[in-house]
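So that the names make sense, note that chain A is the first sequence line, chain B the second, and so on, each numbered from 1. Both backbone and side-chain heavy atoms feed into the values below; hydrogens, waters and symmetry mates do not. In this text, all values refer to a predicted model and were calculated from it rather than measured experimentally.
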2 protein chains.
Amino acid sequence: MKKSSRLSLALHALVHLEAQPDKHLTSTALASCLLTNPVVVRRILGELREARLVAASKGPSGGWMLARPAEDITVREVYAAMGESLLVRTQSEPGDHGCAIVRSVDAVMKDVLADAEALLAERLAQLRISDLARQTHGARIPQLG
Amino acid sequence: MKKSSRLSLALHALVHLEAQPDKHLTSTALASCLLTNPVVVRRILGELREARLVAASKGPSGGWMLARPAEDITVREVYAAMGESLLVRTQSEPGDHGCAIVRSVDAVMKDVLADAEALLAERLAQLRISDLARQTHGARIPQLG
DNA sequence: TTTTCATGTAACTTTATCTGTTACATATAG
DNA sequence: CTATATGTAACAGATAAAGTTACATGAAAA
């Protein structure tokens with residue numbers, strides 16, 4: 001894991017959950033699929049849980065499940081739930097704003113990036129977890145131990 | 001300075017250069033405008049110099065100038081010159097690609113982000129340094145010492 | 001030609017952010 | 001009760017960006 005691949009991890013986890021709709025998958029099991037740590041899985045799926053995209057249950061035979069059918073979960077929702085921007089923030093520090101040029105550059109770029117993000121969101125709204133899962137068909141989906 | 005605000009710094013510097021078309025501005029003078037370090041200015045403007053957007057001259061009365069009129073420099077060119085992506089890379093590590101799900105998620109997201117980036121670039125091509133400068137009119141442009 | 005002042009870079013330090021890890025509280029099925 | 005899962009806090013390590021220092025190089029100006 002290197003870059004900010006949180007969104008990628010989240011999508012990956014969701015597709016794994018989709019692949020086994022009736023099972024609860026534990027953070028540990030998912031972590032071994034995602035080649036990361038159970039705590040990292042909990043952190044990421046925790047955000048998705050707050051957005052009601054997945055549900056967690058504790059105790060023996062507990063774990064994670066999709067809270068809704070994969071057809072009803074768009075990548076846009078996942079993206080929003082992560083509270084992450086796919087667009088780099090170009091804003092300067094608050095302290096720099098004494099300069100009028102900084103303010104106008106920031107303002108213009110903020111507008112442009114807001115537009116771009118809206119377009120991107122629109123595009124992501126067309127993509128569903130089930131689409132990602134379908135994309136994997138033909139390729140083998142590794143079963144969990 | 002905190003975030004990856006290199007593009008913001010570059011645009012800010014270019015607008016300062018536009019504001020004083022006949023003067024050479026030194027890295028030190030620009031650094032005090034941008035509230036950063038002369039070396040950082042040289043690093044950033046150095047990339048713009050390679051893209052022929054600005055020119056540098058050494059020695060006394062040397063410094064930086066726009067290589068072309070501000071009307072002929074688009075933000076897209078600046079963006080390209082910085083070799084920076086405004087879009088976050090969602091790709092996983094090469095090692096993770098043993099899993100078919102990772103590969104398909106990455107592939108789909110790569111396509112979506114490439115489309116989004118193309119749209120963004122198109123939009124940035126409409127924006128010129130002179131537009132950013134005009135945006136600052138009415139607000140005072142601080143003169144350099 | 002010599003001095004002065006600017007860029008051009010390399011190398012290192014500092015800082016911010018993200019991930020990995022450990023530890024433990026909490027809850028729940030059996 | 002006990003085993004096993006999530007939920008979090010707290011801290012360590014890795015990475016990348018920015019800040020800093022130092023100095024070589026080159027060009028204008030005296």
Side-chain angles (χ1 to χ4, degrees), chain A residues 1-10 12-13 17 23-32 34-50 53-65 67 82-86 88-96 144-145, chain B residues 1-10 12-13 17 23-32 34-50 53-65 67 82-86 88-96 144-145:
Chain A
M1 197 82 32
K2 233 176 299 184
K3 272 282 171 183
S4 168
S5 52
R6 283 157 35 87
L7 177 60
S8 181
L9 278 184
H12 187 179
L17 291 178
K23 282 189 192 168
H24 287 269
L25 297 187
T26 66
S27 304
T28 304
L30 284 168
S32 79
L34 313 198
L35 296 181
T36 183
N37 192 286
V39 176
V40 173
V41 171
R42 284 182 213 137
R43 284 206 278 244
I44 291 175
L45 291 191
E47 299 182 55
L48 301 185
R49 177 174 45 76
E50 287 172 26
L53 301 180
V54 300
S57 55
K58 293 184 173 182
S61 81
W64 301 92
M65 287 187 69
M82 305 291 297
E84 204 173 69
S85 181
L86 283 176
V88 169
R89 283 173 282 280
T90 61
Q91 308 271 84
S92 314
E93 271 193 308
D96 296 12
L144 305 172
Chain B
M1 197 81 32
K2 234 176 298 184
K3 272 282 172 185
S4 168
S5 52
R6 284 157 35 87
L7 177 59
S8 181
L9 278 183
H12 187 179
L17 291 178
K23 285 188 190 168
H24 288 269
L25 298 188
T26 67
S27 304
T28 304
L30 284 168
S32 78
L34 312 198
L35 297 181
T36 184
N37 192 286
V39 175
V40 174
V41 171
R42 283 182 213 137
R43 283 205 277 244
I44 290 175
L45 291 191
E47 300 182 55
L48 301 184
R49 176 173 46 75
E50 286 173 26
L53 301 181
V54 299
S57 57
K58 293 183 172 183
S61 82
W64 302 89
M65 287 187 68
M82 306 291 297
E84 203 174 69
S85 180
L86 284 176
V88 169
R89 282 172 284 278
T90 60
Q91 308 272 86
S92 315
E93 271 192 308
D96 297 11
L144 306 173

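Side-chain nitrogen and oxygen atoms of B:Thr26 include none within less than 4.0 Å of the OP1 or OP2 phosphate oxygen of C:dC5. Dashed line: the shortest gap from a side-chain N or O of A:Arg49 to OP1 or OP2 of D:dG7 is under 4.0 Å.
At whole-Å resolution of the value, CG in A:Leu30 and P in D:dG7 are 13 Å apart. Here D:dA18 presents its C1' atom at 15 Å from CG of B:Leu45, a figure rounded to the nearest Å. For the pair B:Glu47 CD and D:dA18 C1', the computed distance is 13 Å after rounding to whole Å. Going from atom NE2 of B:His24 over to atom P of D:dA28 covers 9 Å, rounded to whole Å. Residue A:Glu50 contributes atom CD, which lies 11 Å from atom C1' of D:dG7 at whole-angstrom precision. Distance CH2 (B:Trp64) to C1' (C:dC5): 15 Å, rounded to an integer number of Å. One can place CG of A:Leu7 at 12 Å from P of C:dT19, the figure rounded to the nearest angstrom.
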Close N or O pairs between protein and nucleotides 11-13 of chain D (under 3.5 Å):
none

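Distance from the side chain of A:Val40 is smallest to C:dG20 among D:dA18, C:dT7, C:dG20.
Looking at B:Arg6 and B:Val40, their side chains never come closer than 4.5 Å, going by heavy atoms from C-beta outward. Put simply, the side chain of A:Glu47 does not reach to within 4.5 Å of the side chain of A:Leu53, judged on heavy atoms.
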Can you build the contact string for nucleotides 22-30 of chain C? Use B for base contact, S for sugar-phosphate-only contact, and - for no protein heavy atom under 4.0 Å. B---BSBB-
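Shown here are the side chain to side chain contact (heavy atoms under 4.5 Å, CB included) partners of A:Ala13, two or more places apart in sequence or in another chain: A:Leu34, A:Leu45. Not a single side-chain hydrogen bond (donor to acceptor under 3.5 Å, both in side chains) links A:Thr28 to another residue, sequence neighbours left out.
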